[in-house]
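Reminder, nothing fancy here: chain letters follow the sequence lines and each chain counts from 1. All values derive from a computational prediction rather than experimental measurement.
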Protein chains: 2
Amino acid sequence: MASARRRPSSGTPSSAGGEGAGASPDAAYDPSAFPAFAVTVDVVVFTLEGGRLHVLLVQRGTPPHERAWALPGGFVLPREGLEEAARRELAEETGIESGPRHLEQLGAYGDPDRDPRMRVVTVAWWAVIPELPTPQAGSDAAFADLIGVDEILDGQLELAFDHRQILEDALEALRQRLEDTTLASAFEPGPFRISDLRRVYEAVWGVRLEPGNFQRKVRKVPGWLEPCAEEEMLSMRLDESEVAPGRPAQYFRAPDSIRAMLSPMRRPEEDDPDAAP
Amino acid sequence: MASARRRPSSGTPSSAGGEGAGASPDAAYDPSAFPAFAVTVDVVVFTLEGGRLHVLLVQRGTPPHERAWALPGGFVLPREGLEEAARRELAEETGIESGPRHLEQLGAYGDPDRDPRMRVVTVAWWAVIPELPTPQAGSDAAFADLIGVDEILDGQLELAFDHRQILEDALEALRQRLEDTTLASAFEPGPFRISDLRRVYEAVWGVRLEPGNFQRKVRKVPGWLEPCAEEEMLSMRLDESEVAPGRPAQYFRAPDSIRAMLSPMRRPEEDDPDAAP
DNA sequence: ACAAAAGTGTTGTACTTACACCCATGA
DNA sequence: TCATGGGTGTAAGTACAACACTTTTGT
């Protein structure tokens with residue numbers, strides 16, 4: 001094509017038909033002439049349970065990859081925004097009325113052969129929801145499960161489509177966000193201790209951090225931790241079985257919005273994947 | 001392993017039989033029942049010219065946003081991968097035979113109203129091509145121009161669709177990549193001096209960096225800079241008008257692949273946008 | 001000689017690490 | 001009293017900003 005690279009505006013602007021299409025000059029607009037795609041969203045929902053990182057998976061019931069585990073997701077509706085679709089699917093699959101604490105787009109995945117039925121481009125998102133205090137025991141028709149990420153990545157648990165790739169990319173994005181933002185507190189449903197925050201980092205990064213140094217570092221981040229009043233503590237955390245044998249810790253609250261950290265948390269070399277003896 | 005965090009089955013599982021749908025058991029598969037989208041790619045092509053950051057834009061010739069500047073891009077073909085489509089469009093618009101030095105996905109943009117003609121989801125990419133030594137003066141059918149990013153963002157140059165948003169996001173991604181990878185050398189077409197690299201950082205970040213400290217910092221990054229042999233210098237850079245009045249510099253070559261830096265470059269607070277007196 | 005760019009030395013400041021140590025509580 | 005986790009002190013090591021200074025060329 002034209003080796004376009006010039007400054008003076010002498011050149012005639014051509015370009016054409018669709019979007020930014022440079023080809024097919026002045027072709028009459030005909031929507032049916034353009035290839036039709038199906039567009040879906042898939043959401044990687046991260047949460048912490050028992051000090052380990054989990055993701056929400058559903059078990060498929062229909063032919064492509066039947067019975068295999070898959071990320072929650074579905075088709076984008078005709079007049080629906082992409083983030084809107086992600087929030088809708090997330091709400092439908094998890095039944096959580098309050099939205100996620102964080103929702104971020106990961107990217108588009110559109111390999112021509114990723115779905116044998118038709119050409120699909122999926123927009124992947126990842127989200128963080130806090131560890132819910134009460135597991136909501138009474139539910140019979142369970143179609144969604146929380147699976148530990150270690151079991152998925154280390155073990156050979158099969159995921160549908162390219163969802164393994166998406167999960168790996170989402171995990172890397174999450175790890176990166178813990179480095180340079182205050183996202184970690186999004187894993188906490190209520191008032192939390194600094195050691196709770198440290199356990200988030202340890203679970204997501206797969207490392208062990210010095211409690212003392214972590215404490216100082218976190219306290220120095222402006223606008224992250226506001227101390228909880230005493231009354232709050234008493235009312236909130238009394239039901240929990242958080243009866244620890246040590247010195248009682250101070251509880252904190254974090255603002256709703258995630259903020260960028262000026263000096264990022266440093267992620268050490270990933271050591272042992274096993275955590276507690 | 002499956003500690004079933006689920007919601008009561010009161011809510012209808014919803015979501016159709018497609019993609020990630022864990023629900024809707026045996027719904028007959030009917031492709032025509034799903035909304036059809038057009039999928040496009042748009043590419044933000046960054047390059048350096050005259051010590052300033054530029055992007056490649058095309059001027060539209062058809063109704064939606066006619067005569068407005070737009071990012072190069074176009075429809076994804078039915079059996080084409082997303083990155084493949086981006087590379088094809090980039091080659092068609094720029095006429096550059098050798099591919100870009102870096103190509104990375106930015107994300108999907110799919111506001112329902114972003115294109116009045118039909119429902120379009122575009123997958124945005126950003127790329128780096130080196131500043132070409134010879135501006136290739138003799139080209140008549142030029143429909144693409146390099147525009148300085150300052151003129152676009154500061155000035156009120158109108159961009160088609162949501163391309164201003166895409167450009168801003170791409171610029172932020174580029175700035176981030178300069179922090180933690182060796183991407184900067186992708187702007188250099190051949191052997192380069194450390195001060196050339198510094199000028200890349202200064203142009204992209206809009207800051208002024210200490211030459212001395214920059215030198216030490218860059219040299220310490222393992223695997224980034226390999227010194228050029230003397231013959232290479234003589235043959236490559238003789239034609240250039242790079243006759244500087246100072247002490248001649250050492251020239252370097254960088255490996256083709258972009259590597260992550262262990263200790264990232266620190267981006268100071270953005271100061272004055274103007275550079276040279 | 002002078003200007004200008006390349007490259008090196010030096011110093012103060014800030015942050016990180018590793019580890020010791022004290023504090024406060026339950027058992 | 002002891003075990004356990006919360007929190008602080010401290011000293012060595014590292015990294016960086018600022019700026020002076022030397023080196024090597026063109027004019």
- [ ] Please name all residues satisfying side-chain hydrogen bond (donor to acceptor under 3.5 Å, both in side chains) with Arg177(A), sequence neighbours left out, ordered by chain then number.
- [x] Glu104(A)
Task: Whole-Å distance separating the CG atom of Leu262(A) from the P atom of dA14(C) - done: 15 Å
Open item on the list: Using only modelled atom types and a 3.5 angstrom limit, is any donor from either the side chain of Arg247(B) or the base of dA5(C) paired with an acceptor on the other?
Closed with: no
TODO: Rounded off to whole Å, could you give me the CG-to-P distance for the Leu209(A) and dG6(D) pair?
DONE: 14 Å
- [ ] Please check the phosphate of dG7(D) (OP1 and OP2 only) for any side-chain N or O of Arg193(A) closer than 4.0 Å.
- [x] no
Task: Length of the CD-C1' vector between Gln250(A) and dG7(D), whole Å - done: 10 Å
Open item on the list: Tell me the interatomic distance from Arg208(B), atom CZ, to dA18(D), atom P, rounded to whole angstroms.
Closed with: 14 Å
Open item on the list: If you take the centroid of each ring, where Trp contributes its six-membered ring, are Tyr251(A) and Phe192(A) closer together than 6.0 Å?
Closed with: no
Task: Glu202(B) CD to dA5(C) P, straight-line distance once rounded to whole Å - done: 12 Å
Open item on the list: Going by side-chain hydrogen bond (donor to acceptor under 3.5 Å, both in side chains), name the residues that satisfy it together with Arg219(B), two or more places apart in sequence or in a different chain.
Closed with: Gln215(B)
Task: Rounded distance in Å - CZ (Arg219(A)) to P (dT16(C)) - done: 16 Å
Open item on the list: Checking Leu146(B) against Val55(B) for the side-chain contact (heavy atoms from CB on, under 4.5 Å) test, could you report, in this order, the C-alpha distance in whole Å, the side-chain angles of both residues, the deciding distance, and whether it holds?
Closed with: CA-CA 5 Å; Leu146(B) 290 179; Val55(B) 293; over 6 Å; no
- [ ] For Trp69(B), enumerate each residue passing the side-chain hydrogen bond (donor to acceptor under 3.5 Å, both in side chains) test, keeping only those at least two apart in sequence or located in another chain.
- [x] none
- [ ] Name the residue closer to the 5' end of DNA chain C, choosing between Gly246(A) and Glu210(A) according to the nucleotide with the nearest heavy atom.
- [x] Glu210(A)
Open item on the list: For His102(A), run the ring-ring contact (aromatic ring centres under 6.0 Å, His included) check against Trp126(A), Trp125(A), Phe46(A), Phe187(A) and tell me which one passes.
Closed with: Trp126(A)
TODO: Take the protein atom OH of Tyr251(B) and the nucleotide atom P of dA5(C), then report the distance between them rounded to whole Å.
DONE: 13 Å
TODO: Would you please name every residue forming a salt bridge (charged side-chain N to carboxylate O under 4.0 Å, His left out) with Glu179(A), sequence neighbours left out?
DONE: Arg267(A)
TODO: Grab the CZ-P distance between Phe214(B) and dA17(D) for me, whole Å please.
DONE: 12 Å
TODO: Any chance you could measure Leu262(A), atom CG, to Lys220(A), atom NZ, to the nearest 0.5 Å?
DONE: 11.5 Å
Task: Nearest-nucleotide comparison on DNA chain D, the residue closer to the 5′ end among Pro248(A) and Arg216(A) - done: Pro248(A)
Task: Positions of residues 176-187 of chain A (non-hydrogen atom under 4.0 Å from DNA chain C), listed by number - done: none
Task: Plane angle bin for Phe214(B) and Tyr201(B) - parallel if under 30°, tilted between 30 and 60°, otherwise perpendicular - done: perpendicular
What are the atom names and distances for every N/O pair under 3.5 Å that joins the protein to nucleotides 12-16 of chain D?
unit_1, atom_1, unit_2, atom_2, d
dC16(D), OP1, Lys217(B), NZ, 2.6

Open item on the list: If you compare every side-chain N and O of Ser195(B) against the phosphate oxygens of dA6(C) (OP1, OP2), does one of them come in below 4.0 Å?
Closed with: yes
